[in-house]
Visitor: 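Before I ask anything, here is the structure I am working with.
All chains are named by letter (A, B, ...) in the order of the sequence lines, taking the proteins before the strands, and each is independently numbered beginning at 1. The basis for the numbers below is simple: all heavy atoms, side chains too, and nothing from hydrogens, waters or symmetry mates.
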2 protein chains.
Amino acid sequence: MVLIDGKKTSEILQSEIAEEVIKIKNNGGKIPHLAAVLVGHDGGSETYVAGKVKACERVGFKSTLIRYEDNVTEAELLNCVAQLNSDEDVDGFIVQLPLPNHISEYKVIESINPGKDVDGFHAVNVGRMVAGMPAFISATPFGIMELIKRYKIETSGKNCVVIGRSNIVGRPMSILLSQKGVDCTVTLCHSRTKNLKAICAQADIIVAGLGIAEFLRGDMVKDGAVVIDVGITRVKSDKTKSGWKLIGDVKFDEVAPKCSFITPVPGGVGPMTIASLLYNTLLSSKKEIYK
Amino acid sequence: MVLIDGKKTSEILQSEIAEEVIKIKNNGGKIPHLAAVLVGHDGGSETYVAGKVKACERVGFKSTLIRYEDNVTEAELLNCVAQLNSDEDVDGFIVQLPLPNHISEYKVIESINPGKDVDGFHAVNVGRMVAGMPAFISATPFGIMELIKRYKIETSGKNCVVIGRSNIVGRPMSILLSQKGVDCTVTLCHSRTKNLKAICAQADIIVAGLGIAEFLRGDMVKDGAVVIDVGITRVKSDKTKSGWKLIGDVKFDEVAPKCSFITPVPGGVGPMTIASLLYNTLLSSKKEIYK
């Protein structure tokens, strides 16, 4: 059983990006520039955005953080997006979600120039991904595909079961894994699926992204399966300093012994997302997706 | 076994549209207006576009046909699209594919205002469909979903196998059938799929859109299955006046006796596409997708 090390893989990807930034600097090129828009003071959002800014510094990107209070109007936020769209120095930007209830997230995301939408949430990027055209792929699916590639996991003709049909995990994973060149036969399962246990037990590859802690049990997985765990649930623990621990959608101790490859939680898919965002920003600054 | 009558269902949908146009006229509203751009003299394209113009007349829409010779430049065509985008009288328009090799189809389609893209090919409409947001759904998938709805075919929790991952049939069908409210468990199969026969034999619903004549045989289908045949292959025949006949991806005589529902070829999915295009144009004129 190979434990897929997302933390290490993310560090490798980030150091590759950092090396490329050094080359760009040495050639007098433009330093990639990521901007982040943060609304309000949600603890999780603060942490995520701080991590993104820090990661930019680490790889040598320029970063800008724009903050608004919770009471910012939708019009003000749309105006901010318009300014970032037209700011030629900004290669990519994100608007950290969730937004306050009085603002339409979908409207804000659709107002982003798809060519700067390094989160890959804009309909144009989703539509291009579906068509197999160059697109910014969102962080979690991008990170998973990168792990599969770097661990040389065979995908062609493999039966793959994706559990959960969310717009940010299950749905894009089902699309990417069944694309030409990846070539899995993908079954997308969800809350209305019958006989999920039997369906999972036939799978060569399982992507668990339904958001239910320790849902995937040992008897749902066949010997030699590849298991990708995208769940993160925070539970109380008396064994950690913080009093909390993170657990995934996979009952690791039961499932891991049967697997050929498995991602742990934490330290699997999670750490890849930040590297994915940086990579998209680099692609954007090199005009590799939108010419 | 119920034979799904696409011709009749298309006529019903078109007469519903025609009734709505009469109401719009009586209320002094704006008559829906569909424009079609045809490049060159390809026989198939000529026939399709003529059929679309005729259908517009039948339901009381205004229609405009814009023709170019094969040697039209990409710039000229993009300029035509820009004019149609800004023409307030035009509710929706299509650029008939295929285009000559010197013109990028993708570039032309991406230049269409998504709010007038009644073919549903623009990345924004595909991306919105994926996200479950209001979108123009392209004609074939829309037509199939309409047949499933009007024949009250149960979908929730059903195992569905889609054969073929094309951007215009298999891929969007896999997305639509697995969406919330439809709730099939969808397996998307393609040329690299192993054990396709066994996978199909477990399916409650099969959508065959791979483009190989009479591919789906009797022994690949379980009793009581629903079979949707999206294939059209033209073969020589000495039994028809024209010397040609159309056959689908399903070996009808073997498969039909086992089915609860099946679409014939011709007369199944095919006739629905024109009604779908008209319906999208009506939606556009009512600003029901893009406000």
Side-chain angles (χ1 to χ4, degrees), chain A residues 104-107 109-110 114 117 120-135 155-168 170-172 174-175 177-196 198-199 202-204 290-291, chain B residues 104-107 109-110 114 117 120-135 155-168 170-172 174-175 177-196 198-199 202-204 290-291:
Chain A
S104 159
E105 288 185 354
Y106 201 81
K107 202 167 168 186
I109 288 168
E110 282 217 330
D117 167 45
F121 290 157
H122 193 287
V124 163
N125 282 310
V126 177
R128 281 177 162 230
M129 174 189 70
V130 170
M133 299 293 292
T155 53
S156 180
K158 297 295 177 189
N159 288 324
C160 174
V161 170
V162 175
I163 315 174
R165 54 181 161 176
S166 72
N167 287 331
I168 56 167
R171 176 72 63 189
S174 72
I175 293 166
L177 285 165
S178 58
Q179 268 182 338
K180 276 187 188 162
V182 183
D183 294 322
C184 286
T185 301
V186 178
T187 302
L188 181 57
C189 297
H190 45 77
S191 54
R192 301 301 172 95
T193 294
K194 291 170 183 165
N195 300 320
L196 182 60
I199 294 172
Q202 295 180 347
D204 302 307
Y290 293 82
K291 312 291 173 190
Chain B
S104 159
E105 288 185 354
Y106 201 79
K107 203 167 167 184
I109 288 168
E110 283 218 329
D117 168 45
F121 291 157
H122 193 288
V124 163
N125 282 310
V126 177
R128 281 177 163 230
M129 175 189 69
V130 171
M133 299 293 291
T155 53
S156 181
K158 298 294 177 189
N159 288 326
C160 174
V161 170
V162 175
I163 315 174
R165 54 181 161 175
S166 72
N167 287 332
I168 55 169
R171 178 69 66 191
S174 73
I175 293 165
L177 286 165
S178 58
Q179 268 181 339
K180 275 185 188 162
V182 183
D183 294 321
C184 286
T185 301
V186 178
T187 302
L188 181 58
C189 296
H190 45 76
S191 54
R192 300 302 173 96
T193 294
K194 290 170 184 166
N195 299 321
L196 181 59
I199 294 172
Q202 295 180 346
D204 302 307
Y290 293 83
K291 312 290 172 191

Visitor: Determine yes or no for a side-chain-to-main-chain donor-acceptor pair under 3.5 angstrom, with B:T155 supplying the side chain and B:V182 the backbone.
Guide: yes
Visitor: Under a 4.5 Å heavy-atom cutoff, which of A:S191, A:P172, A:G127, A:C189 has the most pairs with chain B?
Guide: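 Ranked by heavy-atom pairs under 4.5 Å with chain B, first place is A:G127.
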Visitor: Relative to chain A, which segment of B:V186 carries a heavy atom at a distance below 4.5 Å: side chain, backbone, both, or neither?
Guide: backbone
Visitor: As an exercise: rank B:E110, B:M133, B:H122 by heavy-atom pairs under 4.5 Å with chain A and give me the winner.
Guide: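 The residue among B:E110, B:M133, B:H122 with the greatest pair count is B:M133.
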Visitor: What part of A:M129 gets within 4.5 angstrom of chain B, counting heavy atoms only: side chain, backbone, both, or neither?
Guide: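 Nothing of A:M129, per the 4.5 Å heavy-atom cut-off to chain B.
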Visitor: Using heavy-atom distances under 4.5 Å, tell me whether A:C184 contacts chain B through its side chain, its backbone, both, or neither.
Guide: backbone
Visitor: Could you grab the distance from atom CG of A:D204 to atom NZ of B:K194, nearest 0.5 Å is fine?
Guide: 7.5 Å
Visitor: Quick check for you: among B:N159, B:N167, B:D183, which has the greatest number of heavy-atom pairs under 4.5 Å with chain A?
Guide: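 Option with the greatest count: B:D183.
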Visitor: Do A:R171 and B:S178 have side chains that approach each other closer than 4.5 Å (heavy atoms only, starting at C-beta)?
Guide: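 Yes. Closest side-chain heavy atoms under 4.5 Å.
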Visitor: Taking A:V126, A:N195, A:V161 one by one, which has the highest count of heavy-atom pairs under 4.5 Å against chain B?
Guide: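 The residue among A:V126, A:N195, A:V161 with the greatest pair count is A:V126.
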Visitor: Decide yes or no for B:Q202 and A:Q202: does some side-chain heavy atom of the first lie under 4.5 Å from some side-chain heavy atom of the second?
Guide: yes
Visitor: How long is the gap from CD on B:Q179 to NE2 on A:H190, to the nearest 0.5 Å?
Guide: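 Output value for this atom pair is 10.5 Å.
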Visitor: With no hydrogens and no angle check, just 3.5 Å: does a side-chain donor-acceptor pair link B:S174 and B:R165?
Guide: no
Visitor: Which bit of B:I199 comes within less than 4.5 Å of chain A, counting heavy atoms only: side chain, backbone, both or neither?
Guide: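 Only the side chain of B:I199 comes within 4.5 Å of chain A.
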